[in-house]
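No experiment lies behind these values; they were computed from the predicted model shown. Residue numbers begin at 1 in each chain, while the letters A, B, ... track the order of the sequences. Heavy-atom basis, side chains included; hydrogens, waters and symmetry copies ignored.
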Amino acid sequence: MSRYDPSVIEPRWQKAWDEAGAFVARHDPSRPKYYVLEMFPYPSGRIHMGHVRNYTMGDVVARYKSSCGFSVLHPMGWDAFGMPAENAAMERGGHPRDWTHGNIADMKAQMKPLGLSIDWSRELATCDPEYYGQQQAMFLDMLEKGLVYRKAAMVNWDPVDMTVLANEQVIDGKGWRSGAAVERRELVQWFFKISDYSEELLSALDGLKDWPEKVRLMQANWIGRSRGLQFAFDTVGAPQGFERIEVYTTRPDTLMGASFAAISPDHPLAKELEKDPAVAAFIAECRRGGTSAEEIETAEKIGHDTGIRVRHPLDPDWELPVWIANFILMDYGTGAIFGCPGHDQRDFDFATKYGLPIKAVFLAEGDGDAELDAAFVPLKSEKVRYVRGFAGAGVQTGDEGVAAAIAHAEQNGYGQGVTKYRLRDWGLSRQRYWGCPIPVVHCASCGVVPEKKENLPVELPYDVSFDKPGNPLDRHPTWRDVPCPACGAPARRETDTMDTFVDSSWYFARFTSPRAATPTVAAEADYWMNVDQYIGGIEHAILHLLYSRFFARAMHATGHLPAKAIEPFNALFTQGMVTHEIYKTTDDKGRPVYHLPEDVTVFTIADRRIVVLGNVEPPLDMVDDVDAWIRALADEGLLVEVVPSAKMSKSKKNVVDPMNIIAQFGADTARWFVMSDSPPERDVEWTASGAEAAFKHLSRVWSTCDRIGQMPADHKGEGDAELARSVAKAIDEVTRSIDSFAFNKAIAALYGLTNVIARANGSTPAMKEAIRTLAKLMSPMTPHISESIWSYQGGAGLCAQAPWPKADPALLVDDTVTLPVQINGKRRAEISVARDMPGPEVEKLALANEDVIKFLAGQPVKKIIVVPGRIINVVV
RNA sequence: GCCCGCGUGGUGAAAUGGUAGACACAGGGGACUUAAAAUCCCUAGGCCGCAAGGCCGUGCCGGUUCAAGUCCGGCCGCGGGCACCA
């Protein structure tokens, strides 16, 4: 065996795996299957360390499960539609399709050297007609089932990307991709009826035991179920057709604190009243005040008294004014509320501004009614002792009070309990070119006509121009104009394309039969679904994962997935980011200048870290006077400021290119490093020293293997039993750690075993057996070096295809154990006892220990606790 | 504002309520070398002590327990999610 040279062995083993077809997923009914999937990448053109960490985790699981006898499906694809391709076309010319395919080729070439156990024969790209044509077919099925519909709606309009965004894609009032302030516009759009599944998507979260609690909570909050009362106010002086106004409240127990009713500027009554110039002016002001979602959030509350009155449902003589208010949303509840300034901060602000009455209904015992008028009482206030004025709510507060108030309303016939959800339907129309075309045609006489299935896919035309903003499909000379599929008359194709989140909502199902002429094939989907382990970033906790859960249900409803697949991901793991320090200097105008890690040198001298610009050596005489050296560096502008670790980003230049690491150390080192130290759900900081350490470790394993290879075959050695024990314990520890996604602990155990083997002097067969087992245990993390060791030490076949080792249970327990002896909870002595020594004998032995006798100093023992195999505690 | 999570050496981190700091990085000391690199060995929470050893120690305060990093209550700090949602 020569020097450890990954650049030689890694390509060699990758070729060997390919030739053996080692990673081709086989539908084998005689074996249990295991489907492991990492969230597929957007083909930006470059892989980054986050990808390396994500795919290495999936690969560890895939290789491990495969060794355990499962038929493994571990595919890879490309989330290939979306804005960046169009932006590139607009900025640099070229075509989105060419740009995307070029990026896919580049990224694939970067992923291959990682040695991932991916079944590349199942590769797919969402921008290929073969894929999106099937998506169109499903769209038509969903249309037929009423799961897709069209409506005019206020939408989130991204003025930079010039497209509509889903609610989920608006973050802090800004477009999730462009970062531009989002505006509100009314457009006719396509929607998925995800709201039909609100309750189910919520309640099924309880069954997702192997999902992070955090993700389930985020989804539950997003779906946002609330229980409240819906009731109608009778109006006084309202236009015809508005005899009643429906309102919804989650706090019906505060009904006696009502002081006004308010409707949204978009409410039908508000629109009716717009004939009045004053109302029209007010509504215009609401719109003018802020078209952007960001402005709306900070806008001042404004209102307009319509002059209309409504009767309080519990007292017909009690009339409340009806206001139009800018803070009432038309698309939640009924678009109308009753205001209770006594207990709602927002209503309180509004009432204070417009001089409306304020009345608290929850009072502390002993407080007079008058004291709490004109005051705001938080509902959680501990002062609450009884409820004023409303027998229906009794004296209960919180959920009981709400339930009692709803019951009262239902018994007395003025309202019903209603469950509402925050989740809205998913708007999927995008006014973009580079997406899946929506397969319908607009006909003057037939209306919206679905494209015939035999005409699918509706392919994107290639000849488009990006010289003008907006959607190139809209101005395409021929693609747009087609005959109506129903009557044949000249008609127009839908030019909107689908949100790219549609593409990623079912790719996991498509992987089960990626080339089929239907979206899925029942037998394949039945065998491979569900995804047993899904791995990706927490940033998809809501959007992608919620959409996929909806889509799996819709696919079941349209016959494309079996019932068992409606929750498509059995287990979810959300991995942390790869972070790095940021290196910063300041230019002569005081602006920050960032530097790549490879452009600085880090020194640690006398416990001080000094980062210097450039690849430099410290002058030897300066090392004795570090402060002088630092001053000299600062004068030359070479002293670099270190900003604490953050997510790798191009703008901060704190990126490490995986290709450079692989070129320098090999893929095994990169894989080993990203799995070490930090638990996988936490962020891991990339450090040059850590990467070097990983490489040194693998080199040490290599040279240990070399040493064992040169041992004479008849070498007797010593300590074989102890070595076998260490090996068994490592098998046990690594197996349990991988099973529980604690890769850092698996690696710690492997360091331990390496240290044992490196220092051991066992017989040749025992040493060979030990290092072969080490190679196999390492192989999910470092598959290449493992293969080299495996073959060098006479392992049969490929290490990748060898079975996972089993620990002999007899070797896992020691015959004698060292037990600490505590006196009053403080450790004072140790005794060595046989593993199965009975408690009373252990007690005797502990009390006979000379250290114990010394510490007891003759005090009487009150109690003695023996935890077998663990600890002894003497209480005096 | 509402909902969640997390605080352990110089650093990344381990620890079914049972010897806190496994494993590793950085550090210190030594061997080898003309020297350096590489490699190997030792050391390594803090304080006191020549040592043997002792005391303190998991953000802070209290509680439960023979025993608390771990369980409970209350603070402080950091991070994340949601938010005119009626």
Classify the angle between the aromatic ring planes of A:Phe327 and A:Phe350 as parallel (below 30°), tilted (30 to 60°) or perpendicular (above 60°). perpendicular
Contact between A:Arg216 and A:Leu208 at the side-chain level, heavy atoms closer than 4.5 Å - yes or no? yes
Rounding to the closest angstrom, what is the interatomic distance between B:G45 and B:A37 at atom C1'? 32 Å
Go through B:C55, B:A13, B:A83 for me and flag the one nearest to the A:Trp222 side chain. B:A83
When you measure from the side chain of A:Arg346, which nucleotide among B:G81, B:C84, B:A13 comes out closest? B:C84
Measure the spacing between CD1 of A:Ile538 and CE of A:Met218 and express it to the nearest 0.5 Å. 5.0 Å
Across the strands shown, which category fits A:Lys696 at heavy-atom distances under 4.0 angstrom: base, sugar-phosphate, nothing? sugar-phosphate
Ranking B:G18, B:A14, B:A86 by distance to the side chain of A:Arg870, first place goes to B:G18
Taken to the nearest whole Å, CZ/A:Arg424 to C1'/B:C82 is 13 Å
Closest to the A:Asn873 side chain, choosing from B:G18, B:A86, B:C85: B:G18
Nucleotide nearest A:Leu329 when distance is taken to its side chain, options B:C23, B:A86, B:C66: B:A86
With a cut-off of 6.0 Å (strictly less than), are more than 12 heavy atoms of other residues, nucleotides or ligands near NZ of A:Lys353? yes
Proximal nucleotide (of B:A86, B:G18, B:A26) relative to the A:Ser689 side chain: B:A26
Residue met sooner reading RNA chain B from 5', once A:Gln822 and A:Tyr421 are mapped to nucleotides: A:Gln822
Provide the distance between the two P atoms, one in B:G18 and one in B:G12, to the nearest whole Å. 25 Å
Expressed in angstrom and rounded to an integer, what is the separation of A:Met778 atom CE from B:C23 atom P? 17 Å
Taking atom P in both B:A24 and B:U39, compute the distance separating them and give it to the nearest angstrom. 14 Å
Compare the minimum distances between each of B:G18, B:C84, B:C66 and the side chain of A:Lys863, then state the nucleotide with the smallest one. B:C66
Separation of A:Lys745 atom NZ from B:C23 atom C1', in whole Å? 12 Å
So if I take every side-chain heavy atom of A:Ala748 and compare against B:C23, B:C85, B:G18, which nucleotide ends up nearest? B:C23
For atom C1', what is the distance between B:A14 and B:U19, given to the nearest Å? 14 Å
Interatomic spacing from CD in A:Gln219 to CG in A:Leu201 - rounded to 0.5 Å: 8.0 Å
What's the closest nucleotide to the A:Lys301 side chain, out of B:C23, B:C84, B:C41? B:C84
How far does the P atom of B:G17 sit from the matching atom of B:G49, given to the nearest Å? 40 Å
Can you tell me which nucleotide in B:G80, B:C23, B:G18 comes closest to the side chain of A:Lys214? B:G80
Rounded distance in Å - CG (A:Asp683) to C1' (B:C78): 14 Å
Hey, what do you get for CZ (A:Phe741) to CZ (A:Phe573), rounding to the nearest 0.5 Å? 5.5 Å
